[in-house]
Amino acid sequence: MNKYRSHNCNDLRIKDVGKKVLLSGWINKKRDHGNILFIDLRDNYGITQCIIDKENPNFSLIEKMQLETVVSIDGKVVNRSKETINKEINTGEVEVSIENLKVLGKCKELPLPVFSDQEYAEEIRLKYRFLDLRRKKIHENIILRSEVISFIRNEMKRKGFLEFQTPILTSSSPEGARDFLVPSRLNPGKFYALPQAPQQFKQLIMVSGFDKYFQIAPCFRDEDARSDRSPGEFYQLDLEMSFVEQEDVFKVVEDLMVSTFMKFSNKKIMSKKFPRITYSESLLKYGSDKPDLRNPLLINDITKIFLRDDVSFEIFKKLVKNGSSVRCIVTKKTHNMPRSFFDNIDKWAKEQGASGLAYFTIEKEKNITAKGPVGKFFSEESLKEIMKITDAEIGDSIFLSCGNKKELENITSLARDKIARDLGLIDEDSFAFCWVVDYPMFEENSESKKIEFSHNPFSMPQGEIDKINFQKPLDILAYQYDIVCNGIELSSGAIRNHIPELMYKLFSIAGYSKEKVDQKFSGMINALSYGAPPHGGIAPGIDRIVMLLANEKNIREVTMFPMNQNAQDLMMNAPSEVNENQLKELGLSYKTKK
RNA sequence: GGGGGUGUAGCUCAGUUGGUUAGAGCGAUCGCCUGUCACGCGAUAGGUCGAGGGUUCGAGUCCCUUCACUCCCGCCA
């Protein structure tokens, strides 16, 4: 027998009564009755109650023992009387009567309690992550993460994908996020970059003829953190396929997402065939390219109403004349909502930096009228027109905002979420996936007015190659797509551009000369010149998938050893200073800030 | 880089209009307790009120500066 345990802390049942057993684990909780003492012994698998009475010479030793001490306990399994059965734990019908106990790992006074559902300051949790990870909820989250990754890996293999590793030390690329750089000792003055994603490698794998590739790939981007974005590093299910069109990629990923989410969550999936929404439609109807489709509210453009002579909402009319637009959100059957509901939303909008949200409610006695502060500005005919555009009905309310396109997208997107939450319209018990498709190839930088790649420079533009109008680059769409679930961007992908001439052409529009492309993307462009298959792929974010499945709002809750917002690891003290010799070997010196 | 929130005992928090000796629960220590499972009861210890400066007879509380954590904007092909 193993010297530490014959069973784990989740094993023992009624059938084991009478057996001599050996258990090892942490003291989760003690309940000391003076002459009798209960210990909840915990390991990865569960909890077993152990009991000792004063007759036992170990009694006073155990009485003094710190919680979270690691012990091994040997004793006899006994059944519990009916009144004392604990249905909360799997082993609750039995307990272990302690005969002997050995301390395997002492524990100092705890900086944070392990046995507690309380929330703790992030700082202390991260510093003592090994204690934090013993706590039930996060321990289960991390196990879930492991199971999700195993499941995905198996599914991918089953679908005929090959798993490969790609380099961690690679070259810096000019596009995209800020790189993490690693100085090269053997090549002084030169740097590696950690990969932001294995983008070029996975395309090279396709060129190498492997047909279908995947990897649970670490990705490194030196950008500021958000609640759903770890600073530094995160993981993607990186995948790429040869001889495919967009729909082929969709099929693989839809299957995978549906099976994964069905296996690991009881929430319902709104539509197992994910709706396809074009980028431009998404910005109009949802104000965002990551729409939360659980939210039934839609945005409509009603700018033309303000060109009518029978509408006298002069502030908006003037703005519209100067090029602004008006967009609105309809809420159904809200005519009986209290005034405070509307005013709160208006007030909230002002806090968001908008000039507020005007509103009115459509009513009908003899005629159709609009009630509310700005209702008087609308004629019956104009209201009918609004109802036609927006599908609003009598008893519905309309919130409107006026501004330029960007401002409107911003405020209506936020308002759509805010109003739906106030009205309780979001079904928290569901996953609503969709594909956002037809991204533009290029966009104009709002400051420099330069044309830039809007997403991935390696994406294939849509349309017959010889018919693409390169004179109007902003009109070129790409085979570029995102998966969104509940308003969270899970991944983006594309059918790639495997034609070098076309690649040069597109890069030249974004201001890259042929020489620059050859220099910066030499591996890629060279490879594409030696018989490259048409290919495409996608890279769903593992951390965010697990976050959705674990019903967590913060990515650190599904990350074993996360860094804090300033990209520091408080447990390992990273980043840290290095000694002079290390710098010297690398040929580096640094200037202290100010 | 910018904006918001938070910072009081080991942990989670309360602390009124600026007013006597800064409190509670958990944890720790000591004692009592034979069926608990958030066991119960009693006692004790534990505080640079994030730091620095200012206003004031008097500051945890007001003002300024600064630091840490966090959320958001920018950023994230």
Side-chain angles (χ1 to χ4, degrees), chain A residues 28-42 47-55 59 63-64 66-68 78 80-89 91-92 95 97 107-128 131-132 173-179 195-197 199-200 219-232 234 351-353 410 414 439 441-443 446-447 452-459 478 480 482 489 492-494 496 506-507 510 512 520-521 539 541 553-554 556 563-566 568 570:
Chain A
N28 193 53
K29 190 69 187 165
K30 281 187 302 189
R31 288 175 295 280
D32 186 353
H33 290 238
N35 288 311
I36 186 171
L37 169 65
F38 300 97
I39 288 179
D40 288 340
L41 192 70
R42 183 197 74 238
I47 284 178
T48 301
Q49 175 166 283
C50 304
I51 182 168
I52 186 167
D53 66 33
K54 205 155 196 176
E55 308 304 307
F59 188 88
E63 221 178 5
K64 297 265 180 302
Q66 278 279 356
L67 297 183
E68 295 304 310
V78 296
R80 299 204 206 181
S81 68
K82 221 175 197 163
E83 319 81 73
T84 61
I85 286 172
N86 183 355
K87 293 196 179 98
E88 303 290 309
I89 53 176
T91 60
E95 60 197 6
S97 177
C107 182
K108 299 199 286 189
E109 188 177 342
L110 295 165
L112 71 142
V114 171
F115 174 70
S116 167
D117 294 330
Q118 253 173 358
E119 307 227 10
Y120 304 96
E122 203 78 28
E123 194 173 3
I124 196 115
R125 291 184 58 193
L126 294 184
K127 182 162 180 196
Y128 296 96
L131 290 178
D132 191 37
S173 76
E175 286 288 324
R178 207 174 286 115
D179 281 319
Q196 296 183 22
Q199 180 63 39
Q200 294 188 58
C219 304
F220 306 89
R221 296 176 193 176
D222 187 5
E223 298 294 347
D224 288 354
R226 288 290 182 276
S227 56
D228 63 351
R229 201 166 83 202
S230 290
F234 61 97
E351 283 165 10
Q352 303 306 307
N410 195 11
L414 290 169
Y439 276 78
M441 190 80 213
F442 299 100
E443 64 189 5
S446 54
E447 274 175 27
E452 295 174 345
F453 287 109
S454 71
H455 255 64
N456 184 326
F458 305 124
S459 298
Q480 165 85 45
D482 276 15
E489 183 190 320
S492 59
R496 321 296 173 186
L506 295 170
F507 268 102
Y512 291 84
K520 281 293 174 187
F521 305 103
K553 293 206 159 45
N554 193 300
R556 290 186 297 273
M563 297 199 285
N564 70 9
Q565 198 166 45
N566 294 324
Q568 298 160 339
L570 298 175

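Naming: A, B, ... by sequence-line order, numbering from 1 per chain.
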Subject >> Which residue lies more 5' along RNA chain B, comparing A:Gln118 with A:Phe453 via nearest heavy atoms >> reply: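 Its nucleotide being nearer the 5' end, the pick is A:Gln118.
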
**OP:** Take A:Glu443 and A:Leu67, find for each the nucleotide of RNA chain B with the closest heavy atom, and name the residue whose nucleotide sits nearer the 5' end.
**Re:**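 Comparing both residues, the 5'-ward one is A:Leu67.
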
Looking at [N], which nucleotide sits across from it as a Watson-Crick or G-U wobble partner, both distances under 3.5 angstrom, or is there none?
N     : value
B:G19 : B:C57
B:U12 : B:A24
B:C32 : B:G40
B:A68 : B:U6

Same-atom distance ([atom1]) from [N] to [M], integer angstrom:
N     : M     : atom1 : result
B:C30 : B:C71 : P     : 40 Å
B:U29 : B:C37 : C1'   : 24 Å
B:C11 : B:G27 : C1'   : 7 Å
B:C49 : B:G31 : P     : 34 Å
B:U16 : B:C76 : P     : 45 Å

Under 4.0 Å between any heavy atoms, over every strand shown, what does [X] touch: base, sugar-phosphate, or nothing? Just pick one.
X        : result
A:Glu119 : sugar-phosphate
A:Phe458 : nothing
A:Ser173 : nothing
A:Phe38  : base
A:Asn86  : base
A:Lys64  : sugar-phosphate

Please enumerate all protein N or O atoms sitting under 3.5 Å from an N or O of nucleotides 6-10 of chain B, with distances to 0.1 Å.
residue: B:G10; atom: O2'; partner: A:Pro111; partner atom: O; Å: 3.2

Original post:
Are A:Lys29 and B:G27 close enough that a side-chain N or O sits under 4.0 Å from OP1 or OP2?
Top reply: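 Yes.
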
Original post:
A:Arg31 side chain N/O closer than 4.0 Å to the phosphate oxygens (OP1, OP2) of B:C39?
Top reply: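 The answer is yes; a side-chain N or O of A:Arg31 sits under 4.0 Å from OP1 or OP2.
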
Shorter than 3.5 Å, N or O on both sides, protein versus nucleotides 67-74 of chain B: list them out with atom names.
residue: B:A68; atom: O2'; partner: A:Glu123; partner atom: OE1; Å: 3.4
residue: B:A68; atom: O2'; partner: A:Glu123; partner atom: OE2; Å: 3.3
residue: B:C69; atom: OP1; partner: A:Asn564; partner atom: ND2; Å: 2.9
residue: B:C69; atom: OP1; partner: A:Gln568; partner atom: OE1; Å: 3.0
residue: B:C69; atom: OP2; partner: A:Asn566; partner atom: ND2; Å: 2.5
residue: B:U70; atom: OP1; partner: A:Gln565; partner atom: N; Å: 3.3
residue: B:U70; atom: OP2; partner: A:Gln565; partner atom: N; Å: 3.1
residue: B:U70; atom: O3'; partner: A:Arg556; partner atom: NH2; Å: 3.3
residue: B:C71; atom: OP1; partner: A:Asn554; partner atom: ND2; Å: 2.6
residue: B:C71; atom: OP1; partner: A:Arg556; partner atom: NH2; Å: 2.9
residue: B:C71; atom: OP2; partner: A:Gln565; partner atom: NE2; Å: 3.3
residue: B:C72; atom: OP1; partner: A:Ser227; partner atom: OG; Å: 2.8
residue: B:C72; atom: OP2; partner: A:Ser227; partner atom: N; Å: 3.0
residue: B:C73; atom: OP2; partner: A:Arg226; partner atom: NE; Å: 2.7
residue: B:G74; atom: N7; partner: A:Arg226; partner atom: NH2; Å: 2.6
residue: B:G74; atom: O6; partner: A:Asp224; partner atom: OD2; Å: 3.4
residue: B:G74; atom: O6; partner: A:Arg226; partner atom: NH1; Å: 3.1
residue: B:G74; atom: O6; partner: A:Arg226; partner atom: NH2; Å: 3.1
residue: B:G74; atom: N1; partner: A:Asp224; partner atom: OD2; Å: 2.6
residue: B:G74; atom: N2; partner: A:Asp224; partner atom: OD2; Å: 3.4

**OP:** Answer yes or no for this row: A:His33 ring on B:C33 base, centroids under 5.5 Å, planes under 30°.
**Re:**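 No, A:His33 does not stack on the base of B:C33.
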
Original post:
Any N or O donor-acceptor pair linking the side chain of A:Arg80 to the base of B:C37 at under 3.5 Å?
Top reply: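 Flag set: donor-acceptor pair detected.
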
